[in-house]
Amino acid sequence: MRTSWADSVANSASEIAVADNNPLPRPTRSTYVPPHLRNRTASEAPTLSGPVTDRAGFSSAAGGSQWPRWGGGSGGNKPESGRPAQGYGYPGAGRGGGGGGGWNNNRSGGWDRREREVNPFGDDEEVDTEHPFNEQENSGINFDAYEDIPVETSGDNVPPPVNTFAEIDLGEVLNQNIRRCKYVKPTPVQRHAIPIALGGRDLMACAQTGSGKTAAFCFPIISGIMREQYVQRPRVARTVYPLALILSPTRELSCQIHDEAKKFSYQTGVKVVVAYGGAPINQQLRELERGVDILVATPGRLVDLLERARVSLQMIRYLALDEADRMLDMGFEPQIRKIVEQMDMPTRGVRQTMLFSATFPREIQRLASDFLSNYIFLAVGRVGSSTDLIVQRVEFVQETDKRSHLMDLLHAQRENGIHGKQALTLVFVETKKGADALEHWLCMNGFPATTIHGDRTQQEREMALRSFKSGKTPILVATDVAARGLDIPHVAHVVNFDLPNDIDDYVHRIGRTGRAGKSGLATAFFNEGNLSLSRPLAELMQEANQEVPAWLTRYASRAPYGGNKNRRSGGGRFGGRDFRREGSFSRNLDYYGGGNSSTAAYGVPGNYGGGYAPGVTSAWD
DNA sequence: AAAAAAT
């Protein structure tokens with residue numbers, strides 16, 4: 001039987017009082033610490049925030065600091081990754097003044113910020129330290145859906161995966177937050193990616209957001225920053241020096257990552273700030289000035305901040321690109337190169353770089369390798385594993401019939417729904433104008449809808465998302481701005497009103513449902529305008545054990561090879577192969593290689609039974 | 001051709 005989190009917390013509250021040897025003040029409202037008693041550890045090291053081993057509550061000092069102490073002057077290195085000794089300079093040295101020396105620890109501004117930190121978990125209850133990772137607890141993630149998922153890794157000396165959070169020494173404070181999040185055991189991507197990241201290795205990972213991808217790169221980053229005894233950063237007027245940078249392709253996704261990272265870093269002293277366009281910059285500047293360890297950002301706003309010299313990347317130790325293939329495609333690549341290669345960020349091999357996405361076209365992998373050093377490639381998933389959870393339907397609908405067809409779907413859905421309530425339905429269209437038009441039409445016809453796309457103000461976008469999540473407008477019409485990464489609970493149905501031209505986009509779109517191991521439905525409207533998608537779509541559906549309509553198979557068999565960019569560029573659909581391994585020996589398996597072997601890929605159902613089939617797709621972000 | 005991302 002399931003025990004609620006609140007119950008177990010209540011039951012163990014008295015034990016905690018004894019068992020908890022965490023020196024930090026509790027986040028309870030009743031605990032008032034007068035100013036003169038605050039920040040006692042800091043008084044032992046006046047300009048710094050105190051030894052992090054105290055703050056983090058690590059069970060041992062094993063490993064020690066992975067990086068050279070910035071104030072110590074010793075040129076240590078990261079033994080695990082064999083990085084060269086780093087001769088960091090001390091930018092701004094001598095410019096600071098006064099008592100504490102010329103350094104400013106941005107993480108602690110004279111008092112311990114944690115005492116004022118808003119509890120992102122919305123309660124002030126303690127967590128169960130007596131029964132860490134109690135298997136009876138339930139995070140809401142359906143772990144059974146993740147059993148026996150095959151994993152492919154390549155690269156030198158891949159650290160072995162772990163099976164439990166307890167096996168990883170992330171630090172007690174972070175462990176508490178993991179329990180507060182009700183994560184009982186790591187998801188497959190976390191099991192593999194966290195040890196790799198903690199080992200200081202660069203990583204290219206194909207993984208599913210719904211199963212905790214954000215945590216997979218956040219935990220090691222937060223833990224790594226905490227493990228620093230302290231970090232001394234330059235003090236240059238109005239410039240801040242984050243230690244970690246997380247980039248994502250949309251503003252809403254950056255916000256989401258920020259929210260998650262804030263939860264994970266609660267009470268750790270690690271400060272997370274988000275910066276994105278469309279919102280007043282002054283507020284973001286103020287947040288930055290209050291100190292930042294982890295900066296989550298969209299590229300445009302970050303470039304702005306860098307050009308204003310309000311942010312410097314020279315202290316960056318961790319770089320994470322979420323939706324990395326998107327970040328490196330034509331639209332974004334120049335900006336990313338500018339940020340990573342042409343500003344003041346430490347070079348690859350000096351910083352640690354982690355790229356995450358589900359889809360990783362070979363061409364993008366090749367590009368991405370510019371940013372990586374001796375990296376490990378990780379692919380988590382199995383033929384049809386995740387998309388098994390999403391029922392995919394394709395219907396032949398002429399352009400002129402799409403609206404009435406959608407109306408039929410929505411009516412049927414409403415009638416089958418509980419109390420006649422409309423289930424959350426996400427409708428993807430091709431254009432911003434089309435989104436507005438469809439939204440208007442739906443509203444006119446009695447279906448409360450809203451829309452999200454790049455022509456709306458940021459306020460409108462955020463309002464639309466809130467209104468959808470809350471069920472106030474249970475239909476959200478969206479462009480591809482909402483296709484990737486967004487974790488919207490309870491999306492029952494994704495409708496591809498207009499299909500995308502790229503199968504990877506389709507994979508990301510339908511992945512907005514069937515999250516966290518739950519089931520979902522995806523319906524696509526297909527017509528002659530989508531011929532180039534017929535082959536990859538039919539393949540994908542077949543590989544995911546979906547029913548492929550005969551008419552679609554016919555279209556697919558007639559469709560010219562190469563109509564889809566992924567066929568050419570090397571597919572990145574799951575099953576994701578490390579492009580470094582695609583030498584001549586695997587030519588006959590390389591369905592995406594541009595060779596004629598690819599024609600063998602289609603219509604060979606015999607391969608799909610077990611294990612990997614090359615070029616397999618799933619809804620893994 | 002469209003979408004996203006700075007003002």
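Fair warning: this is a prediction, and the values are worked out from it, not measured in the lab.
Remark: His453(A), Gly454(A) in residues 451-460 of chain A come within less than 4.0 Å of DNA chain B through at least one heavy atom. Taken residue by residue, residues 246-256 of chain A places heavy atoms nearer than 4.0 Å to DNA chain B at Pro249(A), Thr250(A), Arg251(A).
Residue Val481(A) places its side chain closer to dA4(B) than to any other of dA6(B), dA4(B), dA1(B). If you check dA3(B), dA5(B), dA6(B) against the side chain of Glu307(A), the one that comes closest is dA6(B). When the nucleotides dA4(B), dA6(B), dA3(B) are ranked by their closest atom to the side chain of Thr431(A), dA3(B) comes out on top. Distance from the side chain of Thr479(A) is smallest for dA4(B) among the nucleotides dA6(B), dA4(B), dA5(B).
Look at CD on Glu430(A): it is 6 Å from C1' on dA2(B), rounded to the nearest Å. Here the P atom of nucleotide dA2(B) and the CG atom of Asp502(A) are 16 Å apart, to the nearest Å. Summarising the geometry, the separation between CZ on Arg337(A) and C1' on dA5(B) is reported as 18 Å, rounded to the nearest angstrom. To the nearest angstrom, P of dA3(B) lies 12 Å from CG of Asn501(A). In this structure, the CD1 atom of Ile339(A) is 14 Å from the P atom of dA5(B), given to the nearest Å. Separating the CG atom of Leu302(A) from the P atom of dT7(B) is a distance of 13 Å, rounded to the nearest angstrom. Between the C1' atom of dA2(B) and the CZ atom of Phe497(A) lies a distance of 16 Å, rounded to the nearest Å. Atoms CG (Leu305(A)) and P (dA5(B)) sit 16 Å apart, rounded to a whole Å.
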- Message: Please determine whether side-chain hydrogen bond (donor to acceptor under 3.5 Å, both in side chains) holds for the pair Tyr506(A) and Gln392(A), giving the CA-CA distance in whole Å, both sets of side-chain angles, and the decisive distance to 0.1 Å.
- Response: CA-CA 11 Å; Tyr506(A) 174 84; Gln392(A) 298 176 55; 2.8 Å; yes
- Would you sort out whether Phe526(A) and Tyr555(A) count as a ring-ring contact (aromatic ring centres under 6.0 Å, His included), showing the intermediate values? CA-CA 11 Å; Phe526(A) 183 103; Tyr555(A) 275 116; 5.7 Å; yes
- Message: Test side-chain hydrogen bond (donor to acceptor under 3.5 Å, both in side chains) on Gln342(A) and Arg337(A); report intermediate values, then the result.
- Response: CA-CA 7 Å; Gln342(A) 289 153 35; Arg337(A) 280 203 188 276; over 6 Å; no
- Would you please test His493(A) and Thr513(A) for side-chain hydrogen bond (donor to acceptor under 3.5 Å, both in side chains) and show each step? CA-CA 7 Å; His493(A) 195 177; Thr513(A) 186; over 6 Å; no
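Backbone-only contact: Gly277(A) has heavy atoms under 4.0 Å from sugar-phosphate atoms and none from a base. Across all strands, Arg308(A) comes closer than 4.0 Å to no nucleic acid atom at all (heavy-atom distances). Residue Asp480(A) is out of contact with every strand shown, counting any heavy-atom pair closer than 4.0 Å.
A close approach under 4.0 Å does occur between a side-chain nitrogen or oxygen of Arg461(A) and OP1 or OP2 of dA5(B). At the phosphate of dA4(B), OP1 or OP2 sits under 4.0 Å from a side-chain N or O atom of Lys432(A).
Residue side chain Arg326(A) reaches the base of dA4(B) through a donor-acceptor N/O pair under 3.5 Å, judged by distance alone.
Proximity of a side-chain donor or acceptor of Arg512(A) to a complementary backbone N or O of Asp487(A) within less than 3.5 Å is not detected. Between the side chain of Asn530(A) and the backbone N or O of Asn527(A), at least one donor-acceptor pair lies under 3.5 Å.
Counting heavy atoms of neighbouring residues, nucleotides and ligands inside a 6.0 Å radius, atom CE of Met343(A) exceeds 12 of them. When the shell of 6.0 Å around CD of Glu528(A) is examined, it contains more than 12 heavy atoms from other residues, nucleotides or ligands. In the displayed structure, Arg238(A) atom CZ is contacted under 6.0 Å by at most 12 heavy atoms of other residues, nucleotides or ligands.
Residues Arg456(A) and Thr450(A) meet the side-chain proximity criterion, which asks for heavy atoms closer than 4.5 Å.
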